[in-house]
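Within every chain, numbering begins at 1; the chains are lettered A, B, ... in the order of the sequence lines, protein sequences first and strands thereafter.
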Amino acid sequence: MPELPEVEAYRSLAEGAIGRLIDDAVATDVRFVRGRADPHVLCDTLVGAKFVAARRHGKLLVLDVEGGAHLGVRFGMTGRLVLDGTVGVDRLVYSSDRIEPAWDRFVVSFDDGGQLIVRDPRLLGGVELDPDEAALGPDALMLTPAQLRAALASSVAVKARLMDQRRLAGVGNLIADEVLWRAGLAPERRAGSLSPAELRRLHRHLRATLDDLVARGGSHTGDLMPERRLDGHCPRDGALLIRTRIGGRTSWWCPRHQH
DNA sequence: ATTGTGGCCTGCCCGC
DNA sequence: TGCGGGCAGGCCACAA
């Protein structure tokens with residue numbers, strides 16, 4: 001599902017929309033428009049303007065609009081970005097590869113005939129005018145060791161804390177499992193109980209894993225991913241993986257080397 | 001303030 | 001062959 005690597009790919013794709021005159025914007029399903037702004041106001045803000053930048057903050061894509069407005073795009077777990085017919089990410093776990101016109105929830109048309117489309121079979125994603133970026137923690141890809149330590153100052157399970165977008169932004173369920181597996185830390189560990197050495201290890205693995213998965217092209221390309229299933233075994237030591245529920249999410253981890 | 005829980009949304013897969 | 005139930009998880013509203 002779209003975690004940081006997918007949204008980074010979407011951001012890169014969206015750079016191709018910068019500087020082009022927008023002559024139409026349509027929210028085909030009003031439920032896809034989030035936040036306080038009226039759908040018509042949001043669309044009217046775009047028409048006649050241009051995007052001037054494509055940024056990413058965690059899993060939030062922000063398209064800066066000429067004149068000072070910001071268009072926030074969230075992808076939920078099944079959302080795709082399409083620019084001029086090019087899909088941002090080839091394969092999306094848990095989503096469908098079929099093409100249904102009804103799944104095009106938000107369509108921006110340019111005067112050159114091209115289109116920027118947010119496609120989402122389910123409506124878990126959405127677009128929002130001037131999203132509250134301050135509510136998001138520091139981006140996981142730029143996180144310093146001190147910021148990680150601050151984000152984990154809690155008695156909550158370390159995995160739940162890693163996925164809390166207000167503490168650090170960009171880590172979802174699959175990447176949280178992958179990072180903790182690589183770092184050898186049990187997801188159930190209290191976040192605040194990590195020793196300085198463990199914090200350092202986790203920080204290194206977080207950065208390395210994100211770089212790795214961005215390069216490989218998706219959050220589902222982790223080494224643990226193929227074994228996140230019934231009867232799955234640890235790719236490192238062969239132990240039978242444990243399945244538990246942490247922070248409301250299914251978690252797979254190795255009881256032999258994750259402590 | 002912090003933390004936990006349930007609901008939203010719907011394609012897909014499994015068992016009957 | 002069709003059908004219904006359960007599952008997937010990002011995000012938000014709400015409760016304690």
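Each of Pro121(A) and Ser154(A) lies near DNA chain B, and the nucleotide nearest Ser154(A) is the one positioned closer to the 5' end. Mapping Arg122(A) and Glu128(A) onto DNA chain C by nearest heavy atom places Arg122(A) closer to the 5' end of the strand.
Atoms CZ (Arg34(A)) and C1' (dC11(C)) sit 8 Å apart, rounded to a whole Å. Atom CG in Asp29(A) sits about 9 Å away from atom P in dC9(B), given to the nearest Å. Atom pair Trp252(A):CH2 and dG9(C):C1' shows a separation of 15 Å (rounding to whole Å applied). We find that CZ of Arg229(A) is positioned 17 Å from P of dC13(B), with the value rounded to whole Å. Gln165(A) has its CD atom 15 Å from the P atom of dA13(C), to the nearest Å.
Taking the side chain of Glu3(A) as heavy atoms from C-beta on, and the options dG9(C), dG10(C), dT3(B), the nearest nucleotide is dG10(C). Each of dG9(C), dC11(C), dT3(B) was ranked by its minimum atom distance to the side chain of Leu124(A); first place goes to dG9(C). Closest approach to the Arg249(A) side chain among dC8(B), dT10(B), dC11(C) is made by dC11(C) (side chain taken as heavy atoms from C-beta onward). Nearest nucleotide to the Arg228(A) side chain, out of dC9(B), dG9(C), dT3(B): dG9(C). Among the nucleotides dT2(B), dA8(C), dG11(B), the one closest to the side chain of Trp103(A) is dG11(B). Minimum atom distance to the side chain of Lys59(A) is reached by dG10(C), of the listed dA8(C), dG10(C), dT3(B). In this structure, of dG9(C), dG10(C), dC11(C), it is dC11(C) that holds the atom nearest to the side chain of Arg74(A).
Between Lys59(A) and Glu8(A), none of the side-chain N atoms (NZ, or NE/NH1/NH2) sits under 4.0 Å from a carboxylate O, so this pair counts as no salt bridge. By the 4.0 Å N-to-carboxylate-O rule, Arg166(A) lies too far from Asp164(A) to be salt-bridged with it. Under the 4.0 Å criterion applied to side-chain N and carboxylate O atoms, Asp177(A) and Arg182(A) are not assigned as salt-bridge partners.
Distances shown here put a side-chain N or O of Arg243(A) below 4.0 Å from the OP1 or OP2 atom of dA8(C). Proximity of Thr250(A) to the phosphate of dG9(C): a side-chain N or O atom is located under 4.0 Å from OP1 or OP2.
A distance-only check finds no donor-acceptor pair linking the side chain of Gln258(A) to the backbone of Ala186(A) [under 3.5 Å]. With hydrogens and angles disregarded, a donor-acceptor distance shorter than 3.5 Å links the side chain of Thr28(A) to the backbone of Asp104(A). In terms of modelled atom types and a separation under 3.5 Å, the side chain of Gln165(A) and the main chain of Met163(A) share a donor-acceptor contact.
Residues Leu60(A) and Val65(A) are members of separate hydrophobic clusters, defined by side-chain heavy-atom contacts under 4.5 angstrom among Ile, Leu, Val, Met, Phe, Trp and Tyr. Using a 4.5 Å cut-off between side-chain heavy atoms of Ile, Leu, Val, Met, Phe, Trp and Tyr, with links allowed through other members, Leu206(A) and Leu180(A) fall into the same hydrophobic cluster.
Using bins of under 30°, 30° to 60° and over 60° for the plane-to-plane angle, the ring pair Phe75(A)/Tyr10(A) lands in the tilted bin.
For the helix from dT2(B)-dA16(C) to dC16(B)-dG2(C), the angle separating the two terminal helix axes comes to 40°, with each axis derived from five pairs and the value rounded to 10°.
Shown here for Leu13(A) and Leu83(A), the closest heavy-atom pair between the two residues is O-CD2, 3.2 Å.
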Report each atom pair, protein N/O against N/O of nucleotides 14-16 of chain C, whose distance is under 3.5 angstrom.
none

Dump the pairs, protein N or O against N or O of nucleotides 14-16 of chain B, anything under 3.5 Å, distances to one decimal.
none

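For the pair Arg229(A) and Trp252(A), the NZ or CZ position fails the cation-pi test of under 6.0 Å to the six-membered ring centre and within 45 degrees of the ring normal.
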Worksheet entry | Derivation of the side chain to side chain contact (heavy atoms under 4.5 Å, CB included) call for Phe106(A) and Leu116(A) | CA-CA 8 Å; Phe106(A) 191 71; Leu116(A) 181 75; over 6 Å; no
